[in-house]
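Below: one structure, written as structure tokens.
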Amino acid sequence: MTTEHGPSVTTTTTPRRGTRALLEVRDLEVSFATDGGVARVLDRVDLRIGEGEIVGLVGESGCGKTTLARAILGVLPTNSARVGGGSIHFQGESLLDKEPDTLAREVRGREITFVPQDPFGSFNPVFTVGAQIRDLMRWKSPALRGDRPPMGRRERQRADHARVVELLRTVQIPQPEQALAKYPHELSGGQRQRIMIAMALLPEPKLIIADEPTTALDVTIQAQILKLLRRLAEDHGVAVLFTTHDLGTAYEICDRVTVMYAGQEMESATSEAFFNHPAHPYTRKLLDSLPSRDRGLRGIPGEIPALVKPPPGCRFHPRCDRATERCARERPSTETLGHAHGVRCFHPTRPGAS
Amino acid sequence: MGAASNPALLEVADLAKHFAIRNVWKRRVGWLRALDGVSFSVRRGEILGVVGESGCGKSTLGKTLMGIHRPSAGSIVFEGNEIANISPYESRSLRRHLQYTYQDPGASLDPRWKIGRSLHEPLVIHTDLDHAARDARVRQILHAVGLPESHLDLYPHEVSGGQQRRVGLARILTLQPSLVVLDEPTSGLDVSVQATILNLFLELQKQFDLTYLFISHDLSVVRMICHRVAVMYLGRIVEMGDTETVFARPAHPYTRSLLAAIPDIGGKRITDDFWLEGEPPNPGNLPSGCRFRTRCPIADAGCAGQEPTLQATDPTRSVACWKAEATS
Amino acid sequence: MKLLVLVLNRTFWFFPTLLGLLVITFTISHVIPADPVAFVAGDNATTEQVEALRKQLGLDQPMHVQLYRYVLGVAQGDLGVSLYTLRPIAEDIASRLPATLELTLFAVLLSTLTGIPLGVLSAVHRNSVLDHVLRVFTVSGLAIASFWLAILLQLLFAMRLGWTPLQGRIDGFGPDTVTGFMIVDSLIAWDLESLGDALAHIVLPALTLTFPAMATIVRFTRAGVLDAINSNYVLYEQAMGFPRRAIVWKYVLRNALIGTVTQIGLIFGILIAGAVVVEAVFDWPGLGLYAVQSILQSDYNAIMGFTLASGALFIVINLLVDIIHGFIDPRESR
Amino acid sequence: MDTLRFLLRKLVEDRVALLGAVIIVALVLVAVLAPWMATHPEDVSEFHPQIRLQGPSAENFFGTDRMGSDIYSRILYGARITITIAVIAIGASVLIGVPIGLVAGWYHGWFSDALMRVSDVFLSVPQIVLAIAIAQTLGPSIENVILALSATYWPFWARLVYAETRSLKNEVFIEACIALGASPLRVMTLHVLPNIASSLIVRTTIGMGGTILTAAALGFLGLGPPAPSPEWGRMISESREFLPEAWWYATAPGLAIFLVVMGFNLFGDGLRDILDPRIRRSRRHDD
């Protein structure tokens, strides 16, 4: 095993915190109405994020990771998407049962915040960065929380401003006051993403959902942002759901990784187990397809299925060399292989076997 | 890599492309030096990688080679003929064997033309073959890139991203090129498809005797398939040499930071280890001397004076850095 | 600074464009063979009389001299004399300009104040009853001939119901002229009777003009809002739990308005064009009525003066639109 | 052929656009069949003062006008004038505007700038104003209305084609053709024109509506074809003296204009929905 996937991963940080569940997604189903018919983009998906844990949600294009992120936030496109079943519990409360207004007021931007994929288009182009942050604080300032001592408006604004400037310094914006006066197009992509991260931290959330936050950036900037995100998440004790198509980035910052394929989650494990002892055939093939001098170039034959007419059973079975008739008939339930290592496969690689 | 002794197929010397920066009066207020004195040669049969981050000029390089941009200075000699400063239309006979594939090959096909017609077009422009002869050639190439003939009757948007790349390749292969510029040929592809496409490049290289100029930001891919590599930063080559040498013992601090930024599963985490700070300066307003010095951890006062040029540090590699001796 | 440069750049193009327009109108009126002098002099004028008149009007000179004089004249604010009344055209136009401006501005105000919110609502409630009603409304607004609508309104409100005056700008003498705008002047003089009278007179012609202008505004605002709603920044604002009302009426609207503002030039084009026929129907003493009277009198010079004046007005309005655009869109850098 | 069938199928799905198409087809039919459909075809030039200003009846569907002519028959013949003016004027504008826009959009330099400046000058006046000036100088006739409209409307197409060509020049597939060594003529005719055709068709359809309105306004102002021509704008203008009693006099031609313009606008809108969501790609900027 380890010989095949490079040197063993040694996690210096033993699974931190993460023992109590912060977010639990169970059997979530989401469908989209498309021109070609109804596409079931999420097919009974499970996901768990512990407190203060950085969870990587990994998968190739069309696997549903962005849809899952948007479903948790409650911002699926209203006219085409429909939640068909399952549950999302955050701190023990069901998010799907909350009124949309309550969700927007009390959860989004307060308990759960968001770092977008596209730092270029996600700022409103006609307002200064400062104006957008001021609005965020007007509605989401931590000073507005019920458990904080009440403050006058002036006093609160002063405290908020100080907090904004301090956080911008923390994300390495050298001159925060000047940056606030600028329009988004006057800042570089890296700077914009740093400010997005600061904005995600401003309301003192419990969970940040970062949807491919480094995909649009160059590798050196990506490295800086990943480093920053990891440090800040640890300092602030905030959990992060980090979606990415790049296994390498997931390796860099995640405590745990869940991999998805064509709308189904396949495997979920600690980073150490995931990269050292992948159990699902898809995970193994995905890791093998990374360019490497030792292995040469190995792709996965076949193509990602169309979600309008997905293969029955395990959606990976047409491309899987371990697939049996049963795989085409039913979807495997989660099998627990070791410490928090779940895999949805009838024929996983079991620990010890090789 | 066995290609070292082969003659040069493409010789590029001091190539520059400066875009004018204009104010609202359309008066020039400065130059954006997208390409600032680039020299290299590509030997027959090799794969030369060009790597760098956005804004480093690697795409401008590809487009200047193809004649889409007119070079501001320098020369491009392909198969012994000077082709700089001649429009692609006027020099089409000289350029027939120099072809270019786009980052997004789907977008390089006319959305209103069926794939078959697009595949015929290069032959219509460059040859006098009749329809039947062209068709035979197109079908042969289609087979070589692993596409079914039924694709001839489809529109570009009806095939997947991986297949669009195959179509893009087929389109230029009909002309039997000797040198193919591959511009970001794997960006936007899923890893499971990427390996398949890269294998196809390697197979086609053998089958059609091709030479590649492989422009990419993905260092792990470049490392896999390129014989030599040129690292660009803000319009200049800062390091060039055999892939093995450059990746194993990078001499330029920028190359080192690039390599350190690539996630390495099982290796050291960049979140613990990465040191490069700041972002590239505005290419319209470059620092004096070495253009990397504003971000360089080992720069000193000397670096602000003269701009370093490429100097050979060992037989297989050269570096543009005043402090290369001290660090390699 | 950037904005200042922009304004200067736009202003710079004002004069060449106007000169180009001048050349076009001159060409139309002089190169096309028709002898205005013979027409003006009448059928029983002697050859000497015609030649004398020709000399008086400067039409005996070679073409390029005439053009040179014309340009020189326009530069000094002289648009020549009416072939019919022999009065200076520039004075005629200046005295009629306020009436047209009052009418068109009133219509612009009416159409933006109603059109923008309706456009936003129909985008936000896409495919609702309101949206469908507005679609019918906008399509008909752009399909109806304004002179016909004017007649229909007259027929209903003035002739049948008698709620408004049939035509004209005011009954009696009206307030003392200060700005030339009846409504403003009667407010200045605090003459409420005149104010009511002025409003009663303006309502029908203004409504006629408002209909197509408002249809245009609703369309563009709706399209702009839909564009903005599908953008990534709205997704971000939703994901961060910004209040829905603020997202629509602050963030989205500001972006959508950039598109709408660029269309105000177009809308003024609709209004000025509409004013020609609408003023004729309502006997509104503005530029349009002047143009129509000149047409009936075959007064070439006056028509050219009118063309030039409305061209200049239109160019100025587009200049203002560009400047406003520069203000509300920080990305503007052309 | 495929495209045509696709278009027809989409059209049947979009009821509103279909309604537009039906109106346009009806207009053409009416214009062609006017001599057979008219109850009093001779009334285009003949008068019957003894039955002037009669209300609608079985004999005169839309009543009679001030000369006692049958308004229904005159409206049918008016359709011929409307169609002639709109088709020829728009056709000429397209023929002038499209090549100018294409050349100015493809090449950079003073010549392109000059072409666009000239069209800007034409666009700096509301169209009807310039059309009034031209039509007035030339004298009232169908030909002159057509001339006035063509002279004022071509810059619209020049502008549209110019803008579309400029943006297409940034498209990767056009660049790929240039890199392949295709001649400018080849790229312009085989790649650029077909790709702007759909927006051109949409604008032309909607432009028809606008042109018909302007032509009617010229007629209303007495600048159209002279009496006794059954031009719709002129008929409305004639009716004004006899309001409010002869309400039918203005109603029929006004409704005719409204319906026809509505037809073109609805059809154009529908075409836009069908043709525009084509496979548009985001433009990539140079790295």
Side-chain angles (χ1 to χ4, degrees), chain C residues 13 16-25 28-32 34 36 135-136 139-140 142-149 151-152 154-156 158-160 212 268-277 280-281 291-292 294-296 298-300 303-304 306-308 310-312 314-315 318, chain D residues 16 20 117-118 120-140 144 148 151 206 209-210 212-214 216-223 232-233 236-237 239-240 243-245 247 249-251 253-266 269:
Chain C
W13 279 109
T17 312
L18 203 63
L19 186 68
L21 183 61
L22 221 146
V23 172
I24 292 174
T25 50
I28 292 170
S29 60
H30 288 72
V31 174
I32 293 164
R135 183 173 175 188
V136 172
V139 174
S140 22
L142 295 172
I144 204 162
S146 46
F147 52 91
W148 187 56
L149 178 65
I151 292 172
L152 290 188
Q154 258 184 346
L155 194 61
L156 181 64
M159 296 178 181
R160 283 279 148 83
F268 258 98
I270 295 175
L271 292 178
I272 293 176
V276 178
V277 283
V281 175
V292 173
S294 308
I295 291 169
L296 294 177
S298 290
D299 192 343
Y300 299 90
I303 292 172
M304 294 311 140
F306 161 74
T307 309
L308 217 53
S310 42
F314 197 52
I315 299 172
N318 277 305
Chain D
V16 182
R117 277 294 153 198
V118 171
D120 277 354
V121 171
F122 276 88
L123 289 173
S124 71
V125 208
Q127 264 48 57
I128 195 171
V129 172
L130 206 55
I132 286 175
I134 298 175
Q136 165 65 19
T137 319
L138 295 175
N144 292 342
I206 295 176
I212 291 172
L213 276 183
T214 311
L218 288 181
F220 179 78
L221 294 176
L223 294 171
W232 294 343
I236 295 178
S237 151
S239 75
R240 289 185 58 208
L243 291 179
E245 287 74 25
W247 55 269
Y249 198 163
T251 309
L255 267 181
I257 296 172
F258 177 68
L259 270 181
V260 169
V261 177
M262 187 90 151
F264 279 108
N265 286 358
L266 291 178
D269 265 5

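Naming: A, B, ... by sequence-line order, numbering from 1 per chain.
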>> Rounded to the nearest 0.5 Å, what separates atom CD1 in D:I236 from atom CG in C:L152?
In response: 8.5 Å
> Okay, side chain of D:R240, backbone of C:I151: is any donor-acceptor separation there less than 3.5 Å?
Replying inline: no
> Taking it one step at a time, do C:M304 and D:T137 satisfy side chain to side chain contact (heavy atoms under 4.5 Å, CB included)?
Replying inline: CA-CA 10 Å; C:M304 294 311 140; D:T137 319; 3.9 Å; yes
>> Please enumerate all residues that pass ring pair (Phe, Tyr, Trp, His ring centres under 6.0 Å) together with D:F122, with sequence neighbours excluded.
In response: D:W154
>> How long is the straight-line distance from CZ of C:R160 back to CH2 of D:W247, given to the nearest 0.5 Å?
In response: 9.0 Å
> Among all residues two or more places apart in sequence or in another chain, which pass the ring pair (Phe, Tyr, Trp, His ring centres under 6.0 Å) test with D:F264?
Replying inline: none
> Side chain, backbone, both or neither: which part of D:V16 has a non-hydrogen atom closer than 4.5 Å to chain C?
Replying inline: side chain
>> Looking at every heavy atom in both C:G20 and D:V121, which two are closest together, and how far apart are they?
In response: C-CG1, 3.4 Å
> Counting heavy-atom pairs under 4.5 Å to chain D, which of C:I272, C:V139, C:V276, C:L142 comes out on top?
Replying inline: C:V139
> Based on non-hydrogen pairs under 4.5 Å, which of D:G209, D:G222, D:A250 is most in contact with chain C?
Replying inline: D:A250
> In terms of heavy-atom pairs under 4.5 Å, which option from C:I315, C:I24, C:L149 contacts chain D the most?
Replying inline: C:I24
> Which atom names give the shortest non-hydrogen contact between C:A145 and D:I257, and what distance separates them?
Replying inline: CB-CG2, 4.2 Å
> Do the side chain of C:W148 and the main chain of D:L255 share a donor and acceptor less than 3.5 angstrom apart?
Replying inline: no
> What's the verdict on side chain to side chain contact (heavy atoms under 4.5 Å, CB included) for C:F314 and D:V129, showing C-alpha distance, side-chain angles and the deciding distance?
Replying inline: CA-CA 11 Å; C:F314 197 52; D:V129 172; over 6 Å; no
> Can you say whether C:V281 sits under 4.5 Å from chain D via the side chain, the backbone, both, or neither, judging by heavy atoms?
Replying inline: both
> How far apart are the closest heavy atoms of D:V125 and C:T307, and which atoms are they?
Replying inline: CG1-O, 4.0 Å
> Is there side-chain contact between C:F147 and D:L221, with at least one heavy-atom pair below 4.5 Å?
Replying inline: no
>> If I measure from the heavy atoms of chain D, does C:L21 come under 4.5 Å with its side chain, its backbone, both, or neither?
In response: both
>> Heavy-atom cut-off 4.5 Å, strictly under: side chain, backbone, both or neither for C:V292 against chain D?
In response: side chain
> Between atom CD1 of C:I144 and atom CE of D:M262, what is the distance when rounded to the nearest 0.5 Å?
Replying inline: 9.0 Å
> How far does OG1 of D:T251 sit from CG of C:L155, to the nearest 0.5 angstrom?
Replying inline: 7.0 Å
> How many angstroms lie between CD1 in C:I303 and CD in D:Q136, if you round to the nearest 0.5 Å?
Replying inline: 3.5 Å
> OG of C:S310 to CG of D:L130: how many Å apart, nearest 0.5 Å?
Replying inline: 9.0 Å
